[in-house]
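Since the structure comes first, as structure tokens, the remarks are kept for the end.
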Amino acid sequence: MACPPIITGDNFLLRTLEHIDCQAQVIGSYGYLALGQPGSPAAILVSGLLTLFIALFGIRLLFGPAPNSRDLVFDVLRIGIVLTLAFSWPAFRTVIYDVTLKGPAEVVAMISAPNSQVSGISDLAQRLQRADNAIVRLTEAGAGRNTGALVDRSAAGGSFEGTALADDTAFGSGRLMFLAGTIGTLALLRITAGLLLAIAPLVAGLLLFTWSRGLAAGWLKGLVLTFAGSVGSALVLSVELSVLEPWLTDALRLRSLGYAIPAAPTELFAITLAFVIVQLAMVWVFAW
């Protein structure tokens, strides 16, 4: 499966997000198929654990108290779940794979529908790329320190005397925060999800025994984290875009009319830095 290459310049953010999502799908699907195929180390491990489980069950029938009907049903169900989780790709893809990798996008699309309708773009990645393009154009236009006319010198932020950062530094750092926060958070969650999905055949056998079931529960909690974290991260980005999109439109309009925007560099840096912190804190809360 060939993932789209990343190129510099236009559509950099969009192509990067598509590439990361493709890599997560490749790791999850091909990793699962490689570990679940007959003769693989995972298949041998699961087969050995199943043999041990059945042997212990037989010893229990011979020398221990006979299991009641409830325990018998649960043991049979446990074996079926293990076999399905480890070796049935169609069932695993429908129940776990698609839910983990594709479910967050569907949930976010329903929750953030009003914001998407306001912007005119339904795809979050397209909105992010559009915002990045606007930041680039604003950086190229600059704050108008030497050429722009001041709108209201007496207003707060109406002159360059109160700027906290140099124009180029603030614009460049603001875009850096926007790109790094978006790519870094989504890459962490998507690649982690792909890795957890890939090792599902290895984890399946751990469900058979009480002493190893905690590891399987931890694996499931990791999948829940990636799902909830992906939804939360996308919603944070949607809120960030709802702040940035009108702000960028207004800033570019003022620069096109020849006016200076003294407060814009610091404002852009503050917005992007704040939402990077929010994204990291959100992932930490879900992980905790």
Side-chain angles (χ1 to χ4, degrees), residues 4-21 23 108 112 115-116 118-121 123-148 151 157 160 162-191 229-230 232-283:
I6 300 173
I7 59 175
T8 185
D10 194 25
N11 290 330
F12 165 77
L13 180 57
L14 179 61
R15 283 179 170 266
T16 301
L17 296 180
E18 290 177 348
H19 185 87
I20 292 172
D21 190 64
Q23 289 288 353
V108 172
S112 62
N115 288 335
S116 299
V118 169
S119 66
I121 299 177
D123 188 9
L124 180 62
Q126 293 285 350
R127 293 179 62 197
L128 289 169
Q129 182 60 64
R130 182 178 178 179
D132 182 52
N133 292 339
I135 293 174
V136 172
R137 289 196 297 270
L138 184 60
T139 303
E140 293 172 344
R145 179 179 292 271
N146 299 320
T147 59
V151 178
F160 288 93
T163 55
L165 298 171
D167 299 342
D168 293 340
T169 301
F171 278 134
S173 299
R175 187 186 180 218
L176 175 62
M177 292 290 180
F178 179 72
L179 291 175
T182 302
I183 296 173
T185 305
L186 295 180
L188 172 64
L189 294 169
R190 302 297 283 178
I191 295 175
S230 296
S233 178
L235 290 176
V236 170
L237 289 174
S238 180
V239 174
E240 182 179 8
L241 287 173
S242 69
V243 175
L244 276 177
E245 286 170 340
W247 182 90
L248 288 168
T249 301
D250 181 67
L252 287 171
R253 180 183 63 84
L254 289 175
R255 289 299 296 125
S256 66
L257 295 176
Y259 290 104
I261 44 176
T266 302
E267 290 170 352
L268 177 63
F269 181 78
I271 292 172
T272 54
L273 176 59
F275 276 98
V276 167
I277 297 174
V278 170
Q279 288 216 47
L280 294 177
M282 182 271 304
V283 174

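Values below: all heavy atoms of this structure, side chains included; hydrogens, waters and symmetry mates excluded.
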Closest heavy-atom pair and its distance - [X], [Y]:
X: Phe171; Y: Gly142; result: CE1-C, 3.9 Å
X: Met177; Y: Leu273; result: CE-CD1, 3.8 Å
X: Val278; Y: Val236; result: CG1-CG1, 3.9 Å
X: Leu241; Y: Pro246; result: O-CD, 4.1 Å
X: Gly232; Y: Met282; result: C-CE, 3.5 Å
X: Ile7; Y: Phe12; result: O-CD1, 3.6 Å

If we ignore hydrogens and angles and just use 3.5 Å, is the side chain of Ser233 paired with the main-chain N or O of Ser230 as donor and acceptor?
no

Sub-4.5 Å side-chain heavy-atom contact between [X] and [Y]:
X: Val108; Y: Ser238; value: no
X: Leu244; Y: Leu268; value: yes
X: Leu235; Y: Val239; value: no
X: Val243; Y: Ile271; value: yes
X: Pro5; Y: His19; value: no
X: Phe178; Y: Leu128; value: yes
X: Arg130; Y: Glu245; value: no
X: Gln279; Y: Leu237; value: yes

How many angstroms lie between [atom1] in [X] and [atom2] in [Y], if you round to the nearest 0.5 Å?
X: Ile135; Y: Leu13; atom1: CD1; atom2: CG; answer: 9.5 Å
X: Asp123; Y: Gln129; atom1: CG; atom2: CD; answer: 11.0 Å
X: Thr16; Y: Asp21; atom1: OG1; atom2: CG; answer: 12.5 Å
X: Thr249; Y: Leu254; atom1: OG1; atom2: CG; answer: 11.0 Å
X: Leu252; Y: Leu138; atom1: CG; atom2: CG; answer: 5.0 Å
X: Phe275; Y: Thr182; atom1: CZ; atom2: OG1; answer: 11.0 Å

Could you check whether atom CG of Asp250 has more than 12 heavy atoms from other residues, nucleotides or ligands sitting under 6.0 Å from it?
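More than 12 heavy atoms, drawn from other residues, nucleotides or ligands, come within 6.0 Å of this atom.
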
Set out, in order, the CA-CA distance, both residues' side-chain angles and the distance that settles side-chain contact (heavy atoms from CB on, under 4.5 Å) for Ile191 and Gln23, then state yes or no.
CA-CA 7 Å; Ile191 295 175; Gln23 289 288 353; 5.6 Å; no

